[in-house]
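In what follows, a single structure is set out as structure tokens and then discussed.
Remember, predicted model here, so these are calculated numbers, not experimental data. Computation of the quantities below employed the complete heavy-atom set of this structure, encompassing side-chain atoms and omitting hydrogens, waters and symmetry-equivalent molecules.
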Protein chains: 2
Amino acid sequence: MIKEYLKHKFKNFEPALMEKIEQNASIKEFEPDEILMTTGQYFRSTMLVVEGRIKLYREGPEGGEFFMYYLEPGNACALSMICAAKKEASEIMAKAVEKTKVITLPIELMDDLMRNYKTWYYFVLETYRSRYEELLVVIDHIAFKGMDERLDFYLRNQVMKLQTKELKITHSEIASDLSSSREVISRLLKKMEQKGDLLLHRNYIEWLR
Amino acid sequence: MIKEYLKHKFKNFEPALMEKIEQNASIKEFEPDEILMTTGQYFRSTMLVVEGRIKLYREGPEGGEFFMYYLEPGNACALSMICAAKKEASEIMAKAVEKTKVITLPIELMDDLMRNYKTWYYFVLETYRSRYEELLVVIDHIAFKGMDERLDFYLRNQVMKLQTKELKITHSEIASDLSSSREVISRLLKKMEQKGDLLLHRNYIEWLR
DNA sequence: CAATCAGGGTGACAAATGTCACCGCCAGGT
DNA sequence: ACCTGGCGGTGACATTTGTCACCCTGATTG
């Protein structure tokens, strides 16, 4: 079972590594909206996503959920690897947005994997690099762009990631993800509708581009 | 020479690792304002800072230099390790703010170091983790705080890092670092002066807290 | 059906930030 | 001494974003 997942979602792992993981890992499931990780929490295992989708976000002072990126099958949580290795607390929130399955690896294994399996070590570095780059993109947007552009980017990203042009999301949720307020988002969405970029419906948005 | 630097600035490296580095590394110097790394550039070596200070920033559309963090002696450039390993381009700018010396290591060495020197592998992970956390702090600030708080934090950080209460920095530079405009910064600085937090002088700011 | 509630629209206003124009001051160069 | 350029102060104004109040509509539930 675990081996099947590895073969499909983590194709680059060398066979011996898959073997090793299979012998030591277990599978965990999360329901939609279930929280995987919370600010200040310690890790005891590293997680490899094999099914579903996880939202990584930063909690705002008044409960906002500032969206950073998704983890999808084939991804791993960079922090769970780093913090696991260093036994440090995380500073980020992770929440399942769909029914999600992850392979969990005890942190004690990290050293062994890192030094004896080249494909693991490459995978870890690549994971860090890509998460780091995603943060840079986030920073670019909030530092240099207005809310209109950020909203446009956000919606395009959702359409792409969720593979659908009918986004079932409320204005309030978008506002929370962008750290803004519902009214602002509503106004901007209306402008985009007038430009012909999308159609507003009750409870969902239809993307037209 | 290199060994001396390693002993003082990278105390945690095991002796054999220091030996190995010494045999393969060389030293590079940078003058103030010299650019070490630019968007889209490829790496051929990993860098360990042993003297001076490097500013890491993101370039804005109109030439702003959005400040992210400093690298100091004992630090390494996370991206130079990651991008080096993956032969990918970087997306960040690095500029010396003081006369700076770095130890450069050919990327070909990375694999060897990573798997044969435990202290190196810990060092790399710790480097990633702390850079990642610094980005999270940056995001927190621009996502959730107003310019006044960001300015306050920025100045406190400068005082701490530069070890002086007399900050030789112009209002325009601060504005660029925070992706704002000179007038806004001037106004906020004046407010802080009225509150008694600092004194404004020509060409420098005196921190009073 | 009536009551309730979440999602959403809207106008008025406030606050923060960006922009423009223009001024004065000081330091360095000639 | 004079010019010039960089730094900074300031008022007026535009724009963007946040906030408040209130309404409407459709879905759900008792």
Are a donor atom and an acceptor atom from the side chains of [X] and [Y] found within less than 3.5 Å of each other?
| X | Y | result |
| --- | --- | --- |
| His141(A) | Glu149(A) | no |
| Tyr122(B) | Asn12(B) | no |
| Tyr57(A) | Asp177(A) | no |

> Which distance, rounded to the nearest 0.5 Å, do you find between the NZ of Lys9(B) and the CD of Glu51(B)?
Replying inline: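 Interatomic distance, Lys9(B) NZ to Glu51(B) CD, rounded to 0.5 Å: 7.0 Å.
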> To the nearest 0.5 Å, how far apart are OG in Ser180(B) and CZ in Phe66(B)?
Replying inline: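 Result: 11.0 Å between the selected atoms.
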> Between Gly146(A) and Glu183(A), which is nearer to the 5' end of DNA chain D once each is assigned its nearest nucleotide?
Replying inline: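 Nearest nucleotide further toward 5': that of Gly146(A).
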>> Between Asn75(A) and Tyr70(A), does the side-chain hydrogen bond (donor to acceptor under 3.5 Å, both in side chains) criterion hold? Intermediate values first, please.
In response: CA-CA 9 Å; Asn75(A) 294 150; Tyr70(A) 287 128; over 6 Å; no
Can you check the [X] [atom1] to [N] [atom2] distance for me, whole Å?
| X | N | atom1 | atom2 | answer |
| --- | --- | --- | --- | --- |
| Ile174(A) | dG18(D) | CD1 | P | 14 Å |
| Leu178(A) | dT16(D) | CG | C1' | 15 Å |
| Lys190(A) | dC24(D) | NZ | C1' | 12 Å |
| Lys191(A) | dT17(D) | NZ | C1' | 11 Å |
| Glu149(A) | dT17(D) | CD | C1' | 16 Å |

>> Any carboxylate oxygen within less than 4.0 angstrom of a Lys/Arg side-chain nitrogen, looking at Glu34(A) and Lys95(A)?
In response: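 No salt bridge links Glu34(A) with Lys95(A).
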Between the protein and nucleotides 6-8 of chain D, list every N/O to N/O distance that falls short of 3.5 Å.
unit_1 : atom_1 : unit_2    : atom_2 : d
dG6(D) : N2     : Arg202(B) : NH2    : 2.2
dG8(D) : OP2    : His171(B) : N      : 2.8
dG8(D) : N7     : Arg182(B) : NH1    : 3.4

> Hey, is the main chain of Phe123(A) close enough, under 3.5 Å, to the side chain of Thr127(A) for a donor-acceptor pair?
Replying inline: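 Yes; judged by distance alone, with no hydrogens or angles, the pair exists.
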> What is the 5' to 3' range of DNA chain C, first to last nucleotide, that sits under 4.0 Å from any heavy atom of chain B?
Replying inline: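 Footprint of chain B along DNA chain C, 5' to 3': dT17(C) to dC26(C).
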